[in-house]
Amino acid sequence: MGLMLFALWLFDALFALLVKAWKANYWKPLQTGLNCDQGDTKVVKNLTGLPEDHFKKPQVELQIPLSPWRAASEEGVPTIKVSDVIIPQSFTESERPLIVEGAGGLYVPINETEITSHLIEHLDLPTILVARSGLGTLNHTLLSIEHMKSRGIKIAGIVLNGEINTGNAETIQHFAPDVPIIAQIPHQKDGDLESLIELVPSIDKI
């Protein structure tokens with residue numbers, strides 16, 4: 001089973017939590033910002049403590065903390081084409097679930113004509129939409145759902161991240177009743193994932 005996660009509000013520990021809870025493989029095909037950050041793969045690996053074979057390095061690694069399009073342009077790297085992004089064979093042959101993390105939100109440019117949504121369509125994986133739980137999430141989340149539906153992207157569900165906000169969750173569910181909220185995960189600043197694992201549903205229910 002493949003699950004692709006795209007965050008409206010990035011929180012590495014959340015991805016690590018899902019990877020750990022589901023004992024999943026993890027892959028972020030496009031990584032930028034390595035000149036100021038160790039990269040999401042290392043962060044998720046360190047937080048989960050899972051074996052090396054659960055991870056593969058990004059297919060494209062860029063230094064500047066910009067969109068893949070702008071970072072590649074600034075660094076003189078050849079244009080990144082969505083059609084060239086290929087899931088590692090060891091992951092396609094694995095019985096473990098796969099979590100693929102995008103390079104930011106749905107409209108983040110991969111190149112001058114393709115955005116993250118094109119990458120989702122190309123990889124053809126059901127998508128979990130990760131959104132913040134607080135102020136601003138209604139507009140962002142509902143617009144993202146509308147955008148994904150218009151492109152025929154299968155939405156596996158929503159994960160709300162941050163302080164639990166029952167009102168926002170109920171409002172999202174009211175306006176998008178066919179898209180389940182599969183989890184509401186508060187922040188865990190000290191990296192202790194164990195205390196949050198019980199909040200993650202079994203992957204069989206996704």
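Here the closest non-hydrogen pair linking P186 and I164 is CD-CD1, 4.2 Å. In this structure, I185 and N161 approach most closely via the heavy-atom pair O-ND2, 3.0 Å. Residue A183 comes nearest to P201 through the heavy atom pair CB-CD, 4.1 Å, listed as atom of the first residue, atom of the second, then distance. When all heavy atoms are compared, the tightest approach of T32 to P65 is OG1-CA, 4.4 Å. Residues K57 and W27 share a closest heavy-atom pair of O-NE1, 3.2 Å. Of all heavy-atom pairs spanning F15 and Y26, the tightest one is CB-CE1, 4.5 Å.
A side-chain donor-acceptor contact under 3.5 Å links H54 to the backbone of A24. Distance alone, capped at 3.5 Å, is enough to place a donor-acceptor pair between the T92 side chain and the Q89 backbone. Using a distance-only test at 3.5 Å, with no hydrogens or angles considered, a donor-acceptor pair links the side chain of H122 to the main chain of V85. Looking at Q59, its side chain does come within 3.5 Å of a backbone N or O of I86 through a donor-acceptor pair. Judged by distance alone, the side chain of K20 and the main-chain N or O of T48 form a donor-acceptor pair under 3.5 Å. The main-chain N or O of H147 is found under 3.5 Å from a side-chain atom of S150 such that the two form a donor-acceptor pair. Judged by distance alone, the side chain of Q184 and the main-chain N or O of A169 form no donor-acceptor pair under 3.5 Å.
Side-chain contact between I110 and I115 is absent, with no heavy-atom pair separated by less than 4.5 Å. In this structure, the side chains of I206 and W22 come closer than 4.5 Å at one or more pairs of heavy atoms. Contact check for R132 versus N165: no side-chain heavy atoms found under the 4.5 Å cut-off. Side-chain contact between I153 and E121: present, with at least one pair of heavy atoms (C-beta onward) separated by less than 4.5 Å. Contact check for V108 versus P68: side-chain heavy atoms found under the 4.5 Å cut-off. You'll find the side chain of S117 stays beyond 4.5 Å of the side chain of M148, heavy atoms only. Residues I182 and V159 meet the side-chain proximity criterion, which asks for heavy atoms closer than 4.5 Å. In this structure the side chain of I197 reaches within 4.5 angstrom of the side chain of L17, judged on heavy atoms.
I181 and L138 fall within a single hydrophobic cluster, where Ile, Leu, Val, Met, Phe, Trp and Tyr side chains are chained together by heavy-atom contacts under 4.5 Å. L199 and L14 end up in the same hydrophobic cluster when Ile, Leu, Val, Met, Phe, Trp and Tyr side chains are linked at under 4.5 Å. V60 and I87 fall within a single hydrophobic cluster, where Ile, Leu, Val, Met, Phe, Trp and Tyr side chains are chained together by heavy-atom contacts under 4.5 Å.
Environment of CD in E146: sparse, with no more than 12 heavy atoms of neighbouring residues, nucleotides or ligands closer than 6.0 Å. Summarising the local packing, NZ of K154 is surrounded by 12 or fewer heavy atoms from other residues, nucleotides or ligands at distances under 6.0 Å. Counting non-hydrogen atoms of neighbouring residues, nucleotides and ligands closer than 6.0 angstrom, the CD atom of E93 exceeds 12 such neighbours.
Side chains of S94 and N25: a donor on one and an acceptor on the other come within 3.5 Å.
For the atom pair L160 CG and L129 CG, the distance stands at 9.0 Å (nearest 0.5 Å). In this structure, the separation between CG on N35 and CG on L62 is 10.0 Å, given to the nearest 0.5 Å. To the nearest 0.5 angstrom, L125 atom CG is 9.0 Å from L119 atom CG. The NZ atom of K56 sits 12.0 Å away from the CG atom of L98 when rounded to the nearest 0.5 Å.
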For residues 69-84, dump all side-chain donor-acceptor pairs below 3.5 Å to protein atoms at least two apart in sequence or in another chain.
{"residue": "E75", "atom": "OE1", "partner": "Q63", "partner atom": "N", "Å": "3.2"}
{"residue": "E75", "atom": "OE2", "partner": "Q63", "partner atom": "N", "Å": "2.8"}
{"residue": "E75", "atom": "OE2", "partner": "I64", "partner atom": "N", "Å": "2.8"}

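D37 meets the side chain to side chain contact (heavy atoms under 4.5 Å, CB included) test with no other residue; sequence neighbours excluded. Not counting sequence neighbours, the partners of K45 by the side chain to side chain contact (heavy atoms under 4.5 Å, CB included) test are E52, F55.
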_Run R96 and D53 through side chain to side chain contact (heavy atoms under 4.5 Å, CB included) and show every step you take._
CA-CA 11 Å; R96 293 191 292 256; D53 65 351; 3.6 Å; yes
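For the side-chain contact (heavy atoms from CB on, under 4.5 Å) with T127, the lone residue among V100, I158, I120, L106 that qualifies is I120. Checked options D40, L18, T41, V130; the residue passing with E101 is D40 (criterion: side-chain contact (heavy atoms from CB on, under 4.5 Å)).
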